[in-house]
Amino acid sequence: MNRSDIVRDYVKAHPQSSSTEIFEGIGQIAAYATVRRDLAKLVDDGVLLLVGKGKSSRYMLSPAYELFQPIDLNAYFGKEIDERQIHESYNFDLIEKTLSGVALFTRSEITYLDARQKVFAENLSKLSAAQYRKEMERLGVDLSWKSSQIEGNTYSLLETERLLLEKETAAGKSKDEAVMLLNHKDALDFILDNPDYLSELTVAKIETIHSILVKELAVDRNIRTRRVGITGTNYRPLDNEFQIREALEQTCRLINDKTCVFEKALLILLLISYIQPFNDGNKRTARIVGNAMLIANGYCPLSFRTVDSIEYKKAMLLFYERNNISAFKQIFIEQFAFAVDTYF
């Protein structure tokens, strides 16, 4: 562990420490002036926050650092639910303070994603409108299958293809499973018929997509008015209808103010799921709305076909419990690259 990591870990364990306290607390492993330089760099890098001035200045871990802090998922989820140290309730600072002033991707990550997007744009320029729609149909089958599988649907990929393309239901499966898959297709068709739909994100547009996805299912539409629990975690979403709507409005403002399309899509996937604005269908809505944002800006949509459902859920739970995006961001990057290489 290098000196900066030692300083960071000390501040994490002892928030609101002065530079002198940190210097002494880490065992005076370097000159005081050197430790001060380390602290200044950690502040510049967004790892630490400096609060106060002069002799009253104190250091604490930056909330933004918690977004990206590497976490061993196996070790983290090796603990029982009640043993994990988490943010048990909704973080009111997350959207307007923590996420608003930070870049979610590193320069190297953006360079990689931009390069994949360039390949997609070149491929797309060679396709006719009919060919594009055909490729979107192929991606749509994969997306409908995986998005539904993540939510417990037992249709196989082949059975999903038969259902969506030939309207043939699978033997031994429930009607609701078929409806869930068909609703995904309807939602994606709606987006393709209205490609500019998500040029600007609004709460009403999120509600429209959700309504399509829960059509003919025993799921309430509109913003929920009662408390919901999430399996596998002690995180409790907001339970006040007006606060839920306000959180969605804040989300829309944050995303509309962002210039990076990758950040827009990633935030949609994370925040709609985190807020849990509906009684059911939140993650499904997030995946379709996130893709609608990519499509509206001419970017390659994601099918999530190769993502492991358990790993997807773990990455999402990590965001719920720790507001940490590291695992889910990696899924996003990998799935974007997969989509560019597989479709179109």
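In this chain, residues are counted from 1 in sequence order.
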message = Over 60° means perpendicular and under 30° means parallel, so tell me whether Phe92 and Tyr90 are parallel, tilted or perpendicular.
response = perpendicular
ask   = Under a 4.0 Å N-O cut-off, is there an ion pair linking Arg8 with Asp5?
value = yes
key: side-chain hydrogen bond (donor to acceptor under 3.5 Å, both in side chains) between Ser108 and Thr106, intermediate numbers included   = CA-CA 5 Å; Ser108 61; Thr106 65; 3.1 Å; yes
key: Salt bridge flag under 4.0 Å for residues Arg133 and Asp193   = yes
query = Do Phe120 and Phe336 make the cut of ring centroids closer than 6.0 angstrom?
reply = no
request  = Just say parallel, tilted or perpendicular for the rings of Tyr274 and Tyr320, cut-offs at 30° and 60°.
outcome  = tilted
inquiry  = When you group the ILVMFWY residues by side-chain heavy-atom contacts below 4.5 Å and let the links chain together, are Ile81 and Tyr76 in the same group?
reply    = no
task = Output yes when Arg162 and Glu159 qualify as a salt bridge under the 4.0 Å nitrogen-oxygen rule, no when they do not.
result = no
Name the atoms and distances for all side-chain donor-acceptor pairs under 3.5 Å in residues 309-318, with sequence neighbours left out.
from: Ser309; atom 1: OG; to: Gln149; atom 2: OE1; distance (Å): 2.9
from: Tyr312; atom 1: OH; to: Arg287; atom 2: NH1; distance (Å): 3.1
from: Lys313; atom 1: NZ; to: Ile150; atom 2: O; distance (Å): 3.2

inquiry  = Are the side chains of Leu248 and Ile223 in contact, using a 4.5 Å heavy-atom criterion?
reply    = yes
query = Got a salt bridge between Glu200 and Lys205, using NZ or NE/NH1/NH2 to carboxylate O under 4.0 Å?
reply = no
task = Report the relative orientation of the aromatic rings in Phe23 and Tyr32; use parallel for angles under 30°, tilted for 30 to 60°, perpendicular for over 60°.
result = perpendicular
